[in-house]
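Okay, so here's the structure we're looking at.
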Number of protein chains: 2
Amino acid sequence: MHSQETACETCAVRHRSVCGALSDDEIVRLNGIARFKHFQAGSVILRDHDQPDYFANVVTGVVKLTKTLTDGRQQIVGLQFPSDFLGRPFRSKSPYFAEAANDVTLCTFERGQFERLVKETPGIERRLFEHTLDELDAAQEWMVLLGRKSASEKIASFLLMVVKRSRLMGCTHASAGSETGRFDLPLSRSEIADYLGLTIETVSRQITGLKRQGVIHLDGTRTVIVPDVAKLEKLAEQEKE
Amino acid sequence: MHSQETACETCAVRHRSVCGALSDDEIVRLNGIARFKHFQAGSVILRDHDQPDYFANVVTGVVKLTKTLTDGRQQIVGLQFPSDFLGRPFRSKSPYFAEAANDVTLCTFERGQFERLVKETPGIERRLFEHTLDELDAAQEWMVLLGRKSASEKIASFLLMVVKRSRLMGCTHASAGSETGRFDLPLSRSEIADYLGLTIETVSRQITGLKRQGVIHLDGTRTVIVPDVAKLEKLAEQEKE
DNA sequence: CGAGAGGTTGAATGTACTCAAGCTGGGTGG
DNA sequence: CCACCCAGCTTGAGTACATTCAACCTCTCG
């Protein structure tokens, strides 16, 4: 892990991230306290119950947030994609463990400096609030998945979510009416299991099932091709309305 | 459901709710736009995908927030107790369906007026933000429960959560070292099932099990006595650390 | 007293889990 | 270059936990 200078003007996630709120001269100030940090897959970003010493935007890669029971059972309680914010403002202890799911680049802001900047720039706080609301929406949708969906619906919903988040960064193609997607899974089978409240074997079986049905194709074990996203949507059992 | 005047000075939840942020003269302004509304058990407070026309603090009773799949499966994604806030600021549509679990009193603020007040009183926005962070923490803890806990652990965790929330309003007694609790369940068996991702029969069996073990006593079907809270905690399988 | 909602209990079933073996592909060393 | 190793993944067989289906209980209300 090493740090380097940033350049907000050319930042790929600027408009989607909390920085989208800032005027040009505010960006200059932020630029002053921002540092890129790189993490390779699997490395720890934030220990639970620790006081984090920086906040961050995810620039590339995916960060997984996990909680663990005393006997070791794990649950992923959130995935942070590029443009998502990392860290709980106004909270001294992190409620979860944050880890790089694949290679990750963060745009970090030293805690004290960032908090000062937030105080002087009301637009940022509002933006942080909006991001927190998005996170809450995502968590509550996931509660429906965890509590009420079958294994196959869980897998379909998960793939769908990854398609949608990848699409934001431009990886899907609308071809002849039906949408097509091709993307890399940011998680291993066992991590998918921890995200969906399943075991690794069940995840594997369900993915194999979707492959047999022709709903997805696999290239290797991580790359997924979805010939018809609508078909996947039907299997995911969406929310009412 | 009917409305009536409020008196913030004597409000039981004032210091815990978002109003805790306000100075005396701000409270006077808020008092001007606040109206109590009563809902009897089972009545609809907020339809999903509707634009709500007011925000509210829960004053008494419990509000359940549910999401429903197209085929009717339900999941409760949140319970709002006295002092909790109801409504998503900066969002036009409610992501969930809100219903009075038991008889409920809300302290409501008409949408437009409240948004104006928030704009002029930065302390309120911060307070709303803090409440949203609490809600997010609760949601992510519940994800662990839904994804990774067994039926008996789920029931124990649920009872424990109700004990803790009831204790805040003063319903437990510390007697001779071990804590004792006596409280009414705000939910029916079938609602508990929808909160824990179980069926009503499983909920019933697990409660019977706890009763047989002597971990809880029942007075009627809704009133629970917990002779030793610590025993319940052991069965709930807490989070690490 | 009968009806009905909410709750409990029992028996059978099924979905996802556990345990175990086997496969695959990338990396290492002889 | 090939053999080997190992982690990650897949597949199979048997099991367990929660579900489903069904009957019955209990309390309240008309």
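Order of the sequence lines fixes the chain letters, A, B, ..., with proteins taken first and strands second; residue numbering starts at 1 for each chain.
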Show which side-chain atoms of residues 214-230 of chain A pair as donor or acceptor with protein atoms under 3.5 Å away, not counting sequence neighbours.
from	atom 1	to	atom 2	distance (Å)
D219(A)	OD2	R182(A)	NH2	3.0
T221(A)	OG1	R189(A)	NH2	3.4
R222(A)	NH1	L185(A)	O	3.2
R222(A)	NH1	P186(A)	O	3.4
T223(A)	OG1	D184(A)	OD1	2.8
D228(A)	OD1	A230(A)	N	3.1

Looking at T221(A), does any N or O in its side chain come under 4.0 Å of the phosphate oxygens OP1/OP2 on dC9(D)? yes

Atom-pair distance (CG on L187(A); P on dG8(D)), nearest Å: 13 Å

According to ring-ring contact (aromatic ring centres under 6.0 Å, His included), who are the partners of F109(A), at least two apart in sequence or on a separate chain? F114(A)

Among all residues two or more places apart in sequence or in another chain, which pass the side chain to side chain donor-acceptor pair (under 3.5 Å) test with R205(A)? none

Spacing of I207(B) atom CD1 relative to dG6(C) atom C1', expressed in whole Å: 12 Å

How close or far is atom C1' of dG7(C) from atom CG of L210(B), stated in whole angstroms? 16 Å

Atom CG of L146(A) to atom C1' of dT15(C): distance rounded to whole Å? 17 Å

The complete set of side-chain hydrogen bond (donor to acceptor under 3.5 Å, both in side chains) pairs with one or both residues in residues 56-67 of chain B, sequence neighbours excluded, reads E239(A)-K67(B), T60(B)-T105(B), K64(B)-E191(B)

How does protein reach along nucleotides 11-30 of chain D, written 5' to 3' as B (base within reach of a heavy atom under 4.0 Å), S (only sugar-phosphate), or - (no contact)? BBB----SBBB---------

Interatomic distance where CZ belongs to R73(A) and P belongs to dC17(C) [whole Å]: 13 Å

Quickly work out the I155(A) CD1 to dC9(D) P distance and round it to whole Å. 12 Å

Atom pair distance, as rounded to whole Å: CZ in R189(A) and P in dA16(C): 18 Å

For atom CZ of R47(A), decide whether the heavy atoms of other residues, nucleotides or ligands shown that lie under 6.0 angstrom number more than 12. no

In whole Å, I'd like the distance from the CG atom of L218(B) to the P atom of dG6(C). 18 Å

Would you please name every residue forming a salt bridge (charged side-chain N to carboxylate O under 4.0 Å, His left out) with D84(B), sequence neighbours left out? R165(B)

